[in-house]
There are 2 protein chains.
Amino acid sequence: MKDSLHLSEQVCFPVYVLAKEIINQYRPLLEELELTYPQYLVMLVLWEHEEQTVNQLGEKLKLDSGTLTPLLKRMEVKEFVTRNRSKIDERLVHIALTQKGKALKEKATCIPTQLMESMNLSSDDLLNLKNIITKILKK
Amino acid sequence: MKDSLHLSEQVCFPVYVLAKEIINQYRPLLEELELTYPQYLVMLVLWEHEEQTVNQLGEKLKLDSGTLTPLLKRMEVKEFVTRNRSKIDERLVHIALTQKGKALKEKATCIPTQLMESMNLSSDDLLNLKNIITKILKK
DNA sequence: CGAAATTAAATTGTACACAATTTAATTTAA
DNA sequence: TTAAATTAAATTGTGTACAATTTAATTTCG
């Protein structure tokens with residue numbers, strides 16, 4: 001029987017390396033916006049939805065409050081978002097964009113293109129990759 | 001012009017989610033071996049090579065000494081590896097398997113299969129995914 | 001040779017990521 | 001209706017990641 005305990009046999013390892021590589025490619029681009037990659041993901045959601053609870057963000061980004069709470073506090077310090085406990089249901093905390101946060105979208109418009117270039121990806125590969133992963137994650 | 005600042009448009013986000021999902025699927029399997037996923041990767045390398053410097057591990061796993069040094073110290077505490085500074089070149093630290101570390105390979109043999117099952121992946125999807133990523137990372 | 005450059009690990013500091021627990025508020029069901 | 005169950009955030013603790021710096025050893029070169 002074949003021994004599959006070899007790094008070269010692993011499928012998961014390339015995924016793990018690629019994910020890190022992508023974040024590393026984003027880093028210099030996002031540095032100019034004073035954002036980390038997870039913080040950028042939060043901004044993507046808020047640029048679409050304006051206001052979200054911590055849980056809603058967590059569901060969309062697959063992150064729990066243990067990760068999001070301190071992350072959002074850092075974004076609050078940078079004045080990109082506000083954090084307000086709901087009056088109607090005090091368990092909820094609403095995260096909303098500040099003016100500064102909204103304005104940041106302008107500076108971010110070029111990032112997707114820049115990233116594509118810096119990773120040197122064809123849109124074919126990209127679409128292909130996205131389709132497989134989406135298929136796998138859907139299960 | 002199309003606005004690509006939408007989470008659903010992102011290619012990188014699914015990669016990021018998949019990588020986390022894979023590690024989460026590994027977690028309960030690796031817990032029985034008292035290993036984290038990055039520690040498991042170190043073991044994969046050492047099961048193949050017996051002895052490696054910190055740098056050699058770092059090149060294979062794409063991790064730097066800032067990550068590896070504390071990680072390897074934890075593995076040393078668990079008595080899976082030894083850390084010994086080279087006599088010939090005292091800048092190098094050799095990482096080697098202990099008997100306990102070698103023995104752990106037995107318990108790990110079933111992990112690749114178990115993971116495939118827990119992620120519910122067809123070998124087609126898997127191979128496809130691996131090929132695309134390898135192609136992308138090669139650039 | 002011996003100073004300068006390079007290399008390898010370790011260290012320091014910041015920021016995730018997640019399990020497990022805690023706290024507080026809201027639902028639910030007896 | 002109020003005690004039990006559930007829910008939402010926050011907290012605590014462990015373990016990556018990685019940039020930047022430091023320390024010490026080895027090479028390289030003038």
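Heavy atoms only: backbone and side chains are in, while hydrogens, waters and symmetry mates are out. A note on names: the letters A, B, ... follow the listed sequences, proteins ahead of strands, and every chain is numbered from 1.
In this entry the distance linking CD1 of B:Ile95 with C1' of C:dA10 reads 12 Å, nearest Å. What separates CD of A:Glu90 from C1' of C:dT23 is a distance of 13 Å, to the nearest Å. For the pair A:Leu63 CG and C:dA19 C1', the computed distance is 14 Å after rounding to whole Å. Here D:dA19 presents its P atom at 7 Å from CG of B:Asp64, a figure rounded to the nearest Å.
The two atoms that bring B:Gln10 and B:Leu5 nearest to each other are NE2-CA, 4.3 Å, heavy atoms only. What you find for A:Pro70 and A:Ser65 is that their closest heavy atoms are CD-O, 3.9 Å. Contact detail for B:Leu33 and B:Ala108: the closest heavy-atom pair is CD1-CB, 3.8 Å. Of all heavy-atom pairs spanning A:Leu72 and A:Val81, the tightest one is O-CG2, 3.9 Å.
Near-neighbour residues of DNA chain C inside residues 65-80 of chain B, defined by a heavy atom below 4.0 Å, number-ordered: B:Ser65, B:Gly66, B:Thr69, B:Lys73. Contact check of residues 20-49 of chain A against DNA chain C (heavy atom, cut-off under 4.0 Å) returns A:Thr36, A:Pro38, A:Gln39.
For the pair A:Lys60 (side chain) and A:Val45 (backbone), a donor-acceptor distance under 3.5 Å is absent.
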Considering only nitrogen or oxygen atoms on both sides, find all protein atoms under 3.5 Å from nucleotides 4-8 of chain C and state each distance.
unit_1	atom_1	unit_2	atom_2	d
C:dT7	O2	B:Arg91	NH1	3.2
C:dA8	OP1	B:Asn55	ND2	3.4
C:dA8	OP2	B:Asn55	ND2	3.1
C:dA8	O5'	B:Asn55	ND2	3.3
C:dA8	O3'	B:Arg91	O	3.2

Please list each protein N or O that sits under 3.5 Å from an N or O in nucleotides 2-4 of chain D, with the distance.
none

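The side-chain heavy atoms of B:Glu50 and B:Lys102, taken from C-beta on, include a pair separated by under 4.5 Å. Contact check for B:Asp125 versus B:Leu129: no side-chain heavy atoms found under the 4.5 Å cut-off.
At the heavy-atom level, B:Ile88 lies under 4.0 Å from the strands shown only through sugar-phosphate atoms.
Under a hydrophobic-cluster definition in which Ile, Leu, Val, Met, Phe, Trp and Tyr are linked whenever side-chain heavy atoms come within less than 4.5 Å, directly or via other members, B:Leu92 and B:Ile95 are assigned to different clusters. Hydrophobic clustering (ILVMFWY, side-chain heavy atoms < 4.5 Å, transitive): A:Val15 and A:Leu127 are in distinct clusters.
The ring-ring contact (aromatic ring centres under 6.0 Å, His included) analysis of residues 38-77 of chain B, with sequence neighbours excluded, yields the pairs B:Tyr26-B:Tyr40.
Other residues, nucleotides and ligands place more than 12 heavy atoms under 6.0 Å from the CD atom of B:Glu51. Atom CD of A:Glu79 has 12 or fewer heavy atoms from other residues, nucleotides or ligands within 6.0 Å. Sparse packing is recorded around NZ of A:Lys62, with 12 or fewer heavy atoms of other residues, nucleotides or ligands lying under 6.0 Å away.
Separation of atoms CD1 (A:Ile132) and CG (A:Leu137) is listed at 11.5 Å; rounding is to 0.5 Å.
Just one residue in the list B:Glu21, B:Lys20, B:Arg27 forms a side chain to side chain donor-acceptor pair (under 3.5 Å) with B:Asn24, and that residue is B:Arg27.
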Practice task
Check the pair B:Ser118 / B:Gln25 against side-chain hydrogen bond (donor to acceptor under 3.5 Å, both in side chains), numbers first and verdict last.
Solution key: CA-CA 7 Å; B:Ser118 92; B:Gln25 297 285 332; 2.8 Å; yes
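Contact annotation: B:Tyr16 reaches the phosphate of C:dA17 (side-chain N/O to OP1 or OP2, under 4.0 Å). Residue B:Arg83 places at least one side-chain N or O under 4.0 Å from the OP1 or OP2 atom of C:dA10.
Comparing the local axis fitted to the first five base pairs of the helix from C:dC1-D:dG30 to C:dA30-D:dT1 with the one fitted to its last five gives a bend of 10°, rounded to 10°.
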